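The chains referred to below are lettered A, B, ... by the order of the sequence lines, with proteins before strands, and numbering in each begins at 1. In this text the structure is predicted, and so the values were computed from the model without any measurement.
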Number of protein chains: 2
Amino acid sequence: MTSPNPQDARRLWSKKTHDLTPYIPGEQPRDRQFIKLNTNENPYPPAPGVLEALKSFPIEQLKLYPDPTGLKLRTTIAEYYGLPLNQVFAGNGSDEVLAMAFQAFFDYHGDPNTATATKQIVFPDVTYSFYPVYANLYNIPFRRVALNEDFTIPLGDLAAPSAGIILANPNAPTGIALTLDQVANLASADRNRLVIVDEAYIDFGGESAVALLTEFDNILVIQTLSKSRALAGLRVGFAFGDPQLIAALERVRDSFNSYTLDSLAQTCAVAAFEDGNWFESTRAHIMATRQRTTAALERLGFTVLPSAANFIFVSHKRLAGDLLYSQLREAGILVRHFKQPRIEQFLRISIGTDAEMDRLITALETIVS
Amino acid sequence: MTSPNPQDARRLWSKKTHDLTPYIPGEQPRDRQFIKLNTNENPYPPAPGVLEALKSFPIEQLKLYPDPTGLKLRTTIAEYYGLPLNQVFAGNGSDEVLAMAFQAFFDYHGDPNTATATKQIVFPDVTYSFYPVYANLYNIPFRRVALNEDFTIPLGDLAAPSAGIILANPNAPTGIALTLDQVANLASADRNRLVIVDEAYIDFGGESAVALLTEFDNILVIQTLSKSRALAGLRVGFAFGDPQLIAALERVRDSFNSYTLDSLAQTCAVAAFEDGNWFESTRAHIMATRQRTTAALERLGFTVLPSAANFIFVSHKRLAGDLLYSQLREAGILVRHFKQPRIEQFLRISIGTDAEMDRLITALETIVS
């Protein structure tokens, strides 16, 4: 925070605005020459049904407000998961849904630094880096618990007394998944505490905690269409949970923006679910490519954490993470490197097409040799 | 706030969630038999260029995240208004932009009720009813100043010491507009205080405060494509102001959701601006229909406030507002009635097509006689 010139319009900022440290998403280069393996996008296009839906969309309908309840979309997802409609919430990307969940379920305080352990929410030290940003935005005290040496989730530490638990399953950027039993144990540890399970990458090998919702009213599952449905550009995310948890999200949403999902996004998202074969074949393909890429990188001396996501998290026994990042970039391949303690020797590499991964493997062969 | 059953998942709500009183938007009936004059939608479809843009949209692009900076869209709007790019912010509808502005510029407090006058933001008692909802969501103290007897804005009261001013220009639901001089006077009264001018309806006869931005760094103008561009279903809104005000909105946005505007919305919004003839002819038509409808209703004994918006605010010398609302509904015409002191005798009627307004006039002739 710099002290603004009194003539500078920063004098009009709220105190909070001065204190914010926004999330920085992965680079979106305008130059599409790059092989883009840095933001975990799906390398395959959306289901063909999405194109059909878009082509037949009645454009005149855009003059009207969208359905604020997203009824058709929520009905489609509810049927897909065998859930009642009142256990489904839809929002403008899972980031928005997460932000609303932080407001809906966690309490804010004037000074997050003085909060006792039971007023803090907890999440791993290495996880989706938006969680501390939300906590800061809403003045919610938090603490980070260190991942185990092998980068698995420290379940005991995570279950210790707190005001709430957030975890990504599979975790990002490690790719390591928890079992359903492990998630259930976290929820059982204190049934008066909410466990938010961010399942952005669940369709690439994890088990969804949606299966636990009949047993636990203190689990909120969050998903997105950005990864496994190849619709990052559409911005659609969901929450699944007890009807009263969904009601809380609706209260927050309706105090913020009555219509978060536009009509085109609602229509295309429905089509993505109706065209399920495409989803099954592309995610199977991505998992097969992940397996093959993992084996190839291991042969080049990389350690590859066991991934249940559409990315792998790798480090090399000799070469530094930032060096690998730069050399790949020079070779026209964009991956993600986090300048963060414990993981600065790692690269997060999204699983692309087979041709893209072959280019990656060839580039790494050159760099390593 | 009811005390939840301890077995009820409401035990997991934040304190704030219990206290929220969400905004209630106008009804969106699934039964399209109604003539829908209740949510100020445009009766004409979006510009033909929007359909073309949608048809030629490369669907494969949806697998990638949208441009988080909305560069092409912001460039288009910046050129339209002759503003530098860094004075333009785009968001997921003007409601979202307003919500972010409340966070970016107004400070929250533990107890809004004990705040002194200079810590309160101010807005008229009769205005867009989302403003107090935002203030409550972010714990921002506020006070309402009563409109004058003739429903004009009480400029002196609004300019009294406060932490910020919000006003809709033209005001909703009255439709009455301020002049640019009046807005400038509010901004001049205290240059260390922000004036947010919500111009959702500006294209139907008002003068945009964008013209004041070179002189005042303490004015933030907010607009939407929902009304005059006939894109309520697309969810696109803007803010215009000093580069540091835009920077504040970006900080809040990037702490909440990096990608608020999907790729389809960005593409269609650009097309709406590029196809400007449609915009000019439809808004002129709506203003002409408004004039004709006003004259017809005055002949039926209605008082019609002078409107610079795509709606009129009317009361009848003999018949009560709720009665008129119900009888119009029975006749298949949906208008908006607010059960709120001072305006409960009024109806807010959106300007539809000529045929729709003829049906309205005929129905009112029957009801009045």
Legend entry - Verdict with reasoning, Leu249(B) to Thr17(A), per side chain to side chain contact (heavy atoms under 4.5 Å, CB included): CA-CA 9 Å; Leu249(B) 291 170; Thr17(A) 299; over 6 Å; no
For a quick test of reading the model, state the closest non-hydrogen atom pair linking [X] to [Y] and the distance between them.
X: Gln244(B); Y: Trp13(A); value: O-NE1, 2.8 Å
X: Leu264(B); Y: Cys268(A); value: CD1-SG, 4.1 Å
X: Asp254(B); Y: Phe130(A); value: O-CZ, 3.6 Å
X: Gly233(B); Y: Asp262(A); value: O-CB, 3.1 Å

Taking side chain as everything from C-beta outward and backbone as N, CA, C, O, which of these in [X] sits under 4.5 Å from a heavy atom of chain A? Side chain, backbone, both or neither.
X: Lys55(B); value: neither
X: Arg229(B); value: neither
X: Ala248(B); value: both

Inset, instruction - Indicate yes or no: does Arg11(B) engage Asp217(A) in a salt bridge with an N to O separation below 4.0 Å. - result: yes
Who among [options] has the most heavy-atom pairs with chain B under 4.5 Å?
options: Ile24(A), Leu194(A), Leu225(A), Leu51(A); answer: Leu51(A)
options: Thr39(A), Leu62(A), Asn136(A); answer: Leu62(A)
options: Ala247(A), Pro68(A), Ala265(A), Pro45(A); answer: Pro45(A)
options: Asp242(A), Asn192(A), Thr21(A); answer: Asn192(A)
options: Ala163(A), Ala232(A), Pro22(A), Ser226(A); answer: Ala232(A)
options: Asp95(A), Val133(A), Leu12(A); answer: Leu12(A)

Legend entry - Choice from Ala99(B), Ala9(B), Gly164(B) maximising heavy atom contacts with chain A below 4.5 Å: Ala9(B)
Inset, instruction - Could you label the plane-to-plane angle of the Phe256(B) and Phe256(A) rings as parallel, tilted or perpendicular, counting under 30° as parallel and over 60° as perpendicular? - result: tilted
Taking the side chain as every heavy atom from C-beta outward, state whether [X] and [Y] have any atom pair closer than 4.5 Å.
X: Tyr259(A); Y: Pro25(B); result: yes
X: Arg235(B); Y: Tyr65(A); result: yes
X: Ile59(B); Y: Pro48(A); result: no

Which portion of [X] sits near chain B, non-hydrogen atoms under 4.5 angstrom:
X: Gln103(A); answer: both
X: Ala104(A); answer: both
X: Tyr44(A); answer: backbone
X: Pro243(A); answer: neither

Please check if the side chain of [X] supplies one atom and the backbone of [Y] the other of a donor-acceptor pair under 3.5 Å.
X: Arg251(B); Y: Leu20(A); result: yes
X: Lys63(B); Y: Pro43(A); result: yes
X: Asp107(B); Y: Ser14(A); result: no
X: Glu96(B); Y: Thr260(A); result: no
X: Asn257(A); Y: Asn92(B); result: yes

Inset, instruction - Report the distance from atom CG of Asn42(A) to atom CG of Leu64(B), rounding to the nearest 0.5 Å. - result: 10.0 Å
Inset, instruction - Identify, with sequence neighbours excluded, every residue that meets side-chain hydrogen bond (donor to acceptor under 3.5 Å, both in side chains) alongside Ser263(A). - result: none
Legend entry - Tyr23(A) vs Ser258(B), side chain to side chain contact (heavy atoms under 4.5 Å, CB included): CA-CA, chis, key distance, verdict: CA-CA 7 Å; Tyr23(A) 173 77; Ser258(B) 312; 3.3 Å; yes
